[in-house]
Amino acid sequence: LKICSIADLIEYRRRSEKLIERVTQTTLPTESGIYNLILYRDLMSKQIHTALTMGKLDKSAALVRVHSECLTGDVFDSLRCDCGKQLKKAMQLIGQEKKGAILYMNQEGRGIGLVDKIRAYSLQDKGMDTIQANEALGHKPDLRDYGIGAQILVDLGLKDIRLLTNNPRKIVGLEGYGLRVVERVPLEIEPNPLNYQYLKAKKEKLGHNLNID
């Protein structure tokens, strides 16, 4: 094993050590059904992530959504993105099957945090797309890490999953930690005039599978 950097060391630890712990849990009745809500702590960053599960999770493939926190979309129903509608649709689909899991990851703004996400919005107001804005602030287009999310899914008892995503990179990120994505289930939301350019940039620059021109 050759460790070349701090990032390499973190990556190695995430693959070889259990770096999460369950904090507490409860039941959460929703319009889509009754979920179990479990809080997990990342032992390295101390961040708290949330898992919503329904039904018995075992070796049979279950629907899974790994969703990064989006205050503006998930809470305030922002039309600038598709995040809130994706989350709601994922909950509905899992509720229909009565089995599955949603990870709500503490990774606002594709990992750049709330403050810089709003700064990026301000740059988008001036004509930049979502990728250009992140880069102008000194960030990579996508800083999300899937190692901790993968550890949470394994702790929940999952191995084979049907992943609700339009992002093929998310599949690679999760499979690198021992999970097997047996199916990619599209989670497309009808674009609106305010998020069309955002979705187009995700398709053209981040490789998302989206049926938009």
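What you see is a predicted model, and the numbers here were worked out from it, not measured in a lab. Numbering starts at 1 and runs along the sequence shown. Heavy atoms only: backbone and side chains are in, while hydrogens, waters and symmetry mates are out.
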Indicate the atoms forming the closest heavy-atom contact of Leu156 with Ala51, along with that distance.
CD1-CB, 4.1 Å
Minimum heavy-atom distance between Ser32 and Met54, given as atom pair plus value:
O-CE, 3.9 Å
Any side-chain heavy-atom pair from Leu163 and Arg184 closer than 4.5 angstrom?
no
Whether Gln107 side chain and Asp145 backbone form a donor-acceptor pair below 3.5 Å:
yes
Atom pair CD1 (Ile118) and CD (Gln124), whose distance is rounded to the nearest 0.5 Å:
9.5 Å
Rounded to the nearest 0.5 Å, what separates atom CG in Leu206 from atom NZ in Lys170?
11.5 Å
Taken to the nearest 0.5 Å, the spacing of Leu28 CG from Leu52 CG works out to 6.0 Å
Here the gap from Thr50 atom OG1 to Ile102 atom CD1, rounded to the nearest 0.5 Å, amounts to 11.0 Å
Is any side-chain N of the basic residue among Lys99 and Asp58 closer than 4.0 Å to the acidic one's carboxylate O?
yes
Is a salt bridge present between Lys200 and Asp129, judged by a nitrogen-to-oxygen distance below 4.0 Å?
no
Side-chain touch Leu174/Ile161, heavy atoms, less than 4.5 angstrom
yes
With distance as the sole test, does Glu108 use its side chain to make a donor-acceptor pair with the main-chain N or O of Lys117 at under 3.5 Å?
no
Is it true that Tyr146 and Tyr104 fall in one hydrophobic cluster, defined by side-chain heavy atoms closer than 4.5 Å?
no
Scanning both residues in full, the closest heavy-atom pair of Thr165 with Asn167 reads OG1-N, 2.9 Å
Say whether Tyr198 and Ile131 are linked into one hydrophobic cluster, either directly or through other cluster members, by side-chain heavy-atom distances under 4.5 angstrom.
no
Is there side-chain contact between His67 and Leu164, with heavy atoms separated by less than 4.5 Å?
no
Is the shortest side-chain N to carboxylate O distance from Lys89 to Asp82 below 4.0 Å?
no
Hydrophobic cluster membership, Met128 vs Val115, 4.5 Å side-chain cutoff:
no
Looking at every heavy atom in both Leu158 and Ala62, which two are closest together, and how far apart are they?
CD2-CB, 3.9 Å
Do the side chains of Val154 and Tyr177 get nearer than 4.5 Å, heavy atoms only?
no
Any donor-acceptor pair under 3.5 Å from Gln25 side chain to Asn36 backbone:
no
Drop me the distance from Gln151's CD to Ile20's CD1, to the nearest 0.5 angstrom.
5.5 Å
Go through the steps for Glu190 and Leu199 under the test side-chain contact (heavy atoms from CB on, under 4.5 Å), then give the verdict.
CA-CA 10 Å; Glu190 186 71 25; Leu199 294 174; over 6 Å; no
Using a 4.5 Å cut-off on heavy atoms from C-beta on, say whether the side chain of Arg110 contacts that of Thr130.
yes
Compare all side-chain heavy atoms of Ile152 with those of Ile38 and state whether any distance is below 4.5 angstrom.
no
Is a side-chain N or O of Lys203 found less than 3.5 angstrom from the main chain of Leu210, in a donor-acceptor match?
yes
Counting neighbours of NZ on Lys205 that are heavy atoms of other residues, nucleotides or ligands and sit closer than 6.0 Å, is the number greater than 12?
yes
Would you indicate whether Arg22, at its atom CZ, is surrounded by more than 12 heavy atoms from other residues, nucleotides or ligands within a distance under 6.0 Å?
yes
Please give me the minimum heavy-atom distance between Ile148 and His49, naming the atom from each residue.
CG2-CD2, 3.9 Å
Starting from Val64, can I reach Tyr40 by hopping between I/L/V/M/F/W/Y residues whose side chains sit under 4.5 Å apart?
yes
For Tyr35 and Met91, indicate whether the former's side chain and the latter's backbone hold a donor-acceptor pair under 3.5 Å.
yes
Within a radius of less than 6.0 Å around CD1 of Ile34, do more than 12 heavy atoms belonging to other residues, nucleotides or ligands occur?
no
Is a side-chain donor or acceptor of Asn166 paired with a backbone partner of Leu187 at a separation under 3.5 angstrom?
yes
Scanning both residues in full, the closest heavy-atom pair of Leu123 with Ala133 reads CD1-O, 3.8 Å
Would you give the length of the straight line joining atom CD of Glu135 to atom NZ of Lys140, rounded to the nearest 0.5 angstrom?
11.0 Å
Tell me, do Arg80 and Asn195 make a side-chain contact under 4.5 Å, heavy atoms counted?
no
Salt bridge between Glu97 and Arg162, side-chain N to carboxylate O under 4.0 Å?
yes
Met105 reachable from Leu19 in the ILVMFWY side-chain graph, under 4.5 Å edges
yes
